[in-house]
K.L.:
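Provided herewith is a single structure, encoded as structure tokens, for subsequent inquiry.
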Amino acid sequence: MSYMQYLVLVLTAITLSCASSEKLSEVVKGKVIHVVDGDTYDLLAPDRSKIRIRMEGIDAPEKGMPYYQVAKEYLKEKCLLKNVKIIINNTDDNGRLIAYTFLNDGSELSHEMIRAGLAWHFKKYNSDSTLAILEEEAKASKLKVWSEPHPMPPWENRRLH
């Protein structure tokens, strides 16, 4: 990683940390070894432990919803078997680490999923203004989930089931 890429990563981490109003707790490097769905994956940490990661700020379609498989495949294409850096912000009730995920090119996966129209900004738990803007752009362009006549957010789908 070049000095410039490192600097961008650090500045982004600071920005995201402030945007989410969460304290930056830890940066971990690892390899993505399994994609569970469009917002969850398993990371192989340097100590060889497996860590389940729930991506910060997004909620992707649930199994059985339109674009579920597309979102899962897109996330696989982006990160499976690749080395990443995560910035851990929290832990959820299921013991998953909630984290932003950075690829070697500096892109962040939550932002990429929203940009592609394959996830909702989970505003209830995240106030990242960039995610909000990307969601509005994906909606305006009617990308993927936003091409549906009445897209149902995953949290509503879970509530119904």
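Everything numeric here is computed off the predicted structure, so don't read it as measured data. Numbers here simply count residues along the sequence, with the first being 1.
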K.L.:
When you look at E112 and L103, which way does the side-chain contact (heavy atoms from CB on, under 4.5 Å) test go after all the steps?
P.N.:
CA-CA 11 Å; E112 294 302 314; L103 300 172; 5.7 Å; no
K.L.:
Do you know which two heavy atoms are closest between V28 and P46, and how far apart they sit?
P.N.:
CG1-CD, 4.4 Å
K.L.:
Below 4.5 Å, heavy atoms only, C-beta onward: do Y41 and K76 meet side chain to side chain?
P.N.:
no
K.L.:
Find the distance between CD (E148) and NZ (K142) and round it off to the nearest 0.5 Å.
P.N.:
11.5 Å
K.L.:
Below 4.0 angstrom, N of the basic side chain to O of the carboxylate: do R158 and D59 qualify?
P.N.:
yes
K.L.:
So, does H111 use its side chain to make a donor-acceptor pair with the main chain of S107 at under 3.5 Å?
P.N.:
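Not confirmed, H111 side chain does not pair with S107 backbone.
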K.L.:
For the backbone of R96 and the side chain of N94, can you confirm whether one donor and one acceptor N or O come within less than 3.5 Å of each other?
P.N.:
no
K.L.:
Count the heavy atoms of every other residue, nucleotide or ligand shown that sit under 6.0 Å from NZ of K123, and state whether that count exceeds 12.
P.N.:
yes
K.L.:
Can you get from I88 to V27 by hopping between Ile, Leu, Val, Met, Phe, Trp and Tyr side chains that sit under 4.5 Å apart?
P.N.:
yes
K.L.:
Would you say the side chains of N126 and Y100 form a donor-acceptor pair under 3.5 Å?
P.N.:
yes
K.L.:
What's the spacing between H34 NE2 and L43 CG if we round to 0.5 Å?
P.N.:
13.0 Å
K.L.:
Taking the side chain as every heavy atom from C-beta outward, state whether S147 and Y67 have any atom pair closer than 4.5 Å.
P.N.:
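Yes; the side chains approach each other to less than 4.5 Å.
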K.L.:
Between CG of L75 and CG of D39, what distance do you get to the nearest 0.5 Å?
P.N.:
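The CG atom of L75 sits 8.5 Å away from the CG atom of D39.
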K.L.:
Is the shortest side-chain heavy-atom distance between N83 and K29 below 4.5 Å?
P.N.:
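They are not in contact (no side-chain heavy atoms under 4.5 Å apart), so the answer is no.
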K.L.:
Which class fits the ring pair W155 and W120: parallel under 30°, tilted 30 to 60°, perpendicular over 60°?
P.N.:
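Judged by the thresholds at 30° and 60°, the geometry between W155 and W120 is perpendicular.
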K.L.:
What distance separates I114 CD1 from K139 NZ, expressed to the nearest 0.5 Å?
P.N.:
9.5 Å
K.L.:
Compare all side-chain heavy atoms of K82 with those of V32 and state whether any distance is below 4.5 angstrom.
P.N.:
no
K.L.:
Is the backbone N or O of T101 less than 3.5 Å from a side-chain atom of E108, with the two atoms forming a donor-acceptor pair by type?
P.N.:
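Yes: the side chain of E108 pairs with the backbone of T101.
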K.L.:
Backbone N or O of E137 within a donor-acceptor pair of the S141 side chain at under 3.5 Å?
P.N.:
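Side chain of S141 to backbone of E137, a donor-acceptor pair under 3.5 Å: yes, one is there.
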K.L.:
Can you get from I86 to L80 by hopping between Ile, Leu, Val, Met, Phe, Trp and Tyr side chains that sit under 4.5 Å apart?
P.N.:
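Linked, I86 and L80 end up in one cluster.
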K.L.:
Heavy-atom count around R48 CZ within 6.0 Å, excluding the residue itself: above 12?
P.N.:
no
K.L.:
For E56 and N89, does a side-chain donor sit closer than 3.5 Å to a side-chain acceptor?
P.N.:
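Distance-only check passes for E56 and N89.
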K.L.:
Test side-chain contact (heavy atoms from CB on, under 4.5 Å) on K144 and Y74; report intermediate values, then the result.
P.N.:
CA-CA 12 Å; K144 309 289 191 293; Y74 185 77; over 6 Å; no
K.L.:
Are V84 and L81 co-members of a hydrophobic cluster defined by side-chain heavy atoms under 4.5 Å apart?
P.N.:
yes
K.L.:
A138 and G117: which non-hydrogen atoms are nearest, and at how many Å?
P.N.:
CB-CA, 4.0 Å
K.L.:
Is Y68 linked to L118 within one hydrophobic cluster, defined over Ile, Leu, Val, Met, Phe, Trp and Tyr using a side-chain heavy-atom separation of less than 4.5 Å?
P.N.:
no
K.L.:
If you measure from CE on M152 to CG on N157, what distance do you get to the nearest 0.5 Å?
P.N.:
6.0 Å
K.L.:
Measure the spacing between CD1 of I98 and CD1 of I58 and express it to the nearest 0.5 Å.
P.N.:
11.5 Å
K.L.:
Compare every heavy atom of P61 with every heavy atom of A71, then report the nearest pair and how far apart it is.
P.N.:
CB-CD, 4.1 Å
